[in-house]
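Here is the structure we will look at.
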Amino acid sequence: MKNQELVRIFYDIADILEIKNVEWKPLAYRKAARAIEVLGEDVEEIYKKDGIKGLKEIPGVGERIAEKIEEFIKTNKIKEYEKLKKTIPRHLTELMEIPGLGAKKAKKLYERLHIKSIKELEKAAKQHKISGLETFKEKSEENILKGIELIKKGKGRILLGVALPMARNIIEELKTLKDVKDISVAGSLRRMEETIGDIDILAISSNPKKVMDKFTSLKEVSRILAMGETKSMVILENGMQADIRVLDKKSYGAALQYFTGNKGHNIRLRELAIKKGYKLNEYGLFKKDKYICGRTEGEIYKNLGLDYIEPELRNNTNELELAKNRKLPKLVKLGEIKGDLHVHTKDSDGDNTIEEMCREAINLGYEYICISDHSKTRAIANGMKEEELLKQIREIDRLNKRFKRFRIFKGCEVDILNDGNLDFSDDILKRLDIVGAAVHSGFKMSESKMTERIIKALKDKYVKILYHPTGRLINQREPYQVDLNSLFDVAKEKKKFLEINGMINRLDLDDYNIKKAVEKGVRLVLGTDSHSKEHLRFMEYGVSQARRGWCEKKDIVNALSLKELVRLFNIK
DNA sequence: GCCGTTTTCGGCCCGACTGTTTTCAGTCG
């Protein structure tokens with residue numbers, strides 16, 4: 001898949017052109033890059049199917065950029081880009097990564113001081129060669145050094161499941177102020193992206209100053225980047241950036257919309273507003289200078305002739321068109337999930353007993369849970385031997401008699417061995433209610449071998465679910481090579497289910513593949529892969545991943561009631 | 001370079017904050 005390579009190239013072209021003072025083209029290249037970045041399809045596939053014409057249907061891609069994509073698909077490079085790169089020093093665009101430095105300043109630093117890289121910039125700043133250069137003074141030098149520090153610390157994106165609790169803590173602290181009338185996360189956190197760049201918070205108050213003071217003096221704050229009347233930005237102790245915006249009640253919806261983004265969605269929404277004779281900003285929707293609405297997001301979308309668009313769908317694909325034509329999916333909700341189908345206990349590598357996991361599940365309002373500990377080959381995860389699984393089965397039978405209106409399913413996360421065989425014999429598997437299979441080893445085999453291996457397991461008559469179908473660990477391990485399309489076909493034909501794993505560093509399948517699966521009519525299972533009772537709450541992340549993949553209630557197996565689920569799995 | 005129920009030419013989202021000015025350019029989200 002060449003999408004992300006193209007994205008990087010187009011962003012780089014934009015940076016170079018901007019340094020060279022070319023007008024508007026950077027805007028065009030960035031627009032195209034952003035569109036490809038979130039494209040639900042492989043550009044190579046689009047090109048194979050519909051050629052240049054197909055490429056031009058990507059928003060922001062016209063004749064010239066389509067030709068460049070074609071060239072890259074055919075030759076793996078873009079001549080004009082290679083030429084362009086030679087016109088400026090190789091590392092010059094990296095200066096623009098430093099917060100506060102853009103194209104204009106990077107250019108000036110190069111022209112006046114021949115600085116061509118972050119390394120050289122740091123040296124110059126430390127020797128105080130920058131202050132005194134026209135508009136650069138002491139403060140600029142200081143900020144450059146701080147910015148470089150920040151970059152060195154790593155600006156890696158943080159897992160949603162780590163960032164969201166942090167943001168909620170901050171919100172709880174701000175809520176203690178009487179002056180805060182309303183408060184919400186915004187940005188990528190509200191869109192529930194799998195990783196988060198910075199924390200965005202929106203607060204409603206008639207006393208912004210007080211909110212700003214509290215926010216910038218929170219114990220988590222290590223440095224204040226900016227502090228104004230309605231907006232502040234800080235760096236937290238863990239290196240994350242957090243931004244807050246404070247506005248008046250009558251702007252809450254408009255501000256929430258604006259601050260949630262994403263950027264492309266906002267731009268297109270504002271363009272639509274202009275077309276309809278309005279102006280849209282974070283204060284509201286205006287006709288001339290007259291305030292039309294802005295208290296809720298819903299009324300803004302409505303006044304622009306659109307259905308309400310859920311935050312998870314605001315990624316500037318085709319959601320505005322669908323909203324206009326009343327064709328948006330009705331996304332599954334956390335409250336519709338009736339149970340968790342991937343849970344570990346002390347019997348393998350979990351922290352809690354079966355009963356403890358069940359108590360927590362009941363607290364969450366679930367009707368059922370599936371205990372799915374590891375099989376024997378997973379020795380490192382204390383995988384269960386046959387006799388241990390049989391013992392667990394007996395215990396579940398015993399516990400099930402004690403619970404009313406709650407059912408524990410007997411399951412297992414059984415290893416798919418390298419040859420596609422399973423880690424337990426039929427004699428064991430037939431005693432289970434729900435068998436899930438998973439790959440935990442041999443990640444490096446070829447795509448065709450891996451696909452064959454998994455299909456063999458998926459076709460086993462006892463296997464119902466394929467757990468974490470690609471094996472990726474976010475920021476740690478790439479997915480193994482597998483032809484998911486073939487897996488989807490088998491799943492559809494044999495009535496098997498693929499998991500959306502809600503564990504915060506897995507989220508596997510990802511949103512892109514979830515959407516593909518749903519389009520093919522494959523039904524999905526939500527599991528948290530909990531290894532302690534606290535993890536059961538990760539269902540929130542599984543659901544948000546499903547929503548970002550356009551899942552409706554009907555697509556999710558464990559949105560079924562206990563009765564319906566028993567029927568579906570044909571459980572006695 | 002892209003795009004068109006105002007345009008095939010002439011626009012291109014919009015506003016806050018900083019640092020440097022003394023009314024604004026640059027940067028950011």
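As the structure is a prediction and not an experimental result, all values here were calculated from the model. Numbers restart at 1 for each chain; the letters A, B, ... are given by sequence-line order, proteins then strands.
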Using distance alone, with no hydrogens and no angle criterion, decide if Y512(A) and E41(A) have a side-chain donor and acceptor under 3.5 Å apart. no
Is the phosphate of dC13(B), meaning OP1 or OP2, less than 4.0 Å from a side-chain N or O of N266(A)? no
Is it the case that over 12 heavy atoms from other parts of the model lie below 6.0 angstrom from the CD atom of Q127(A)? yes
Over all strands shown, is L17(A) touching base, sugar-phosphate only, or nothing at heavy-atom distances under 4.0 angstrom? nothing
By nearest-nucleotide position on DNA chain B, the 5'-leaning member of A106(A) and E141(A) is E141(A)
At under 4.0 Å, does any side-chain N or O of K263(A) touch on OP1 or OP2 of dC28(B)? no
Which is true for A32(A) with a 4.0 Å heavy-atom rule: it touches a base, it touches only sugar-phosphate, or it touches nothing? nothing
Over all strands shown, is L280(A) touching base, sugar-phosphate only, or nothing at heavy-atom distances under 4.0 angstrom? sugar-phosphate
Hey, can you tell me if Y541(A) and F538(A) have their rings parallel, tilted or perpendicular (30° and 60° cut-offs)? tilted
What is the nucleic acid contact for K68(A), judged by heavy atoms within less than 4.0 Å: base, sugar-phosphate only, or nothing? sugar-phosphate
Give each protein N/O atom lying under 3.5 Å from an N/O atom of nucleotides 3-6 of chain B, with the pair distance.
from   : atom 1 : to     : atom 2 : distance (Å)
dC3(B) : OP1    : G60(A) : N      : 3.1

Between dC3(B) and dC13(B) - C1' atom distance, rounded Å: 15 Å
Would you tell me if any nitrogen or oxygen in the side chain of Y278(A) comes within less than 4.0 Å of OP1 or OP2 on dC14(B)? no
Below 4.0 angstrom from OP1 or OP2 of dC17(B), is there any side-chain N or O of T230(A)? yes
Is the shortest side-chain N/O distance from K231(A) to OP1 or OP2 of dA16(B) below 4.0 Å? no
Would you measure the distance from the C1' atom in dT6(B) across to the matching atom in dG1(B) and give it in whole Å? 22 Å
Report yes if a side-chain nitrogen or oxygen of K137(A) is closer than 4.0 Å to either non-bridging phosphate oxygen (OP1 or OP2) of dT21(B); otherwise report no. yes
Classify the glycosidic conformation of dT22(B) as syn or anti, calling it syn when the angle lies within 90° of 0. anti
Need one value for R245(A): base, sugar-phosphate or nothing, where a base atom within 4.0 Å counts as base even if backbone is also close, heavy atoms only. sugar-phosphate
On DNA chain B, does the nearest nucleotide to S140(A) precede the nearest nucleotide to E271(A) from the 5' side, or the other way round? Give the residue. E271(A)
dG1(B) OP1/OP2 closer than 4.0 Å to side-chain N/O of R64(A): yes
Is the shortest side-chain N/O distance from N143(A) to OP1 or OP2 of dG19(B) below 4.0 Å? yes
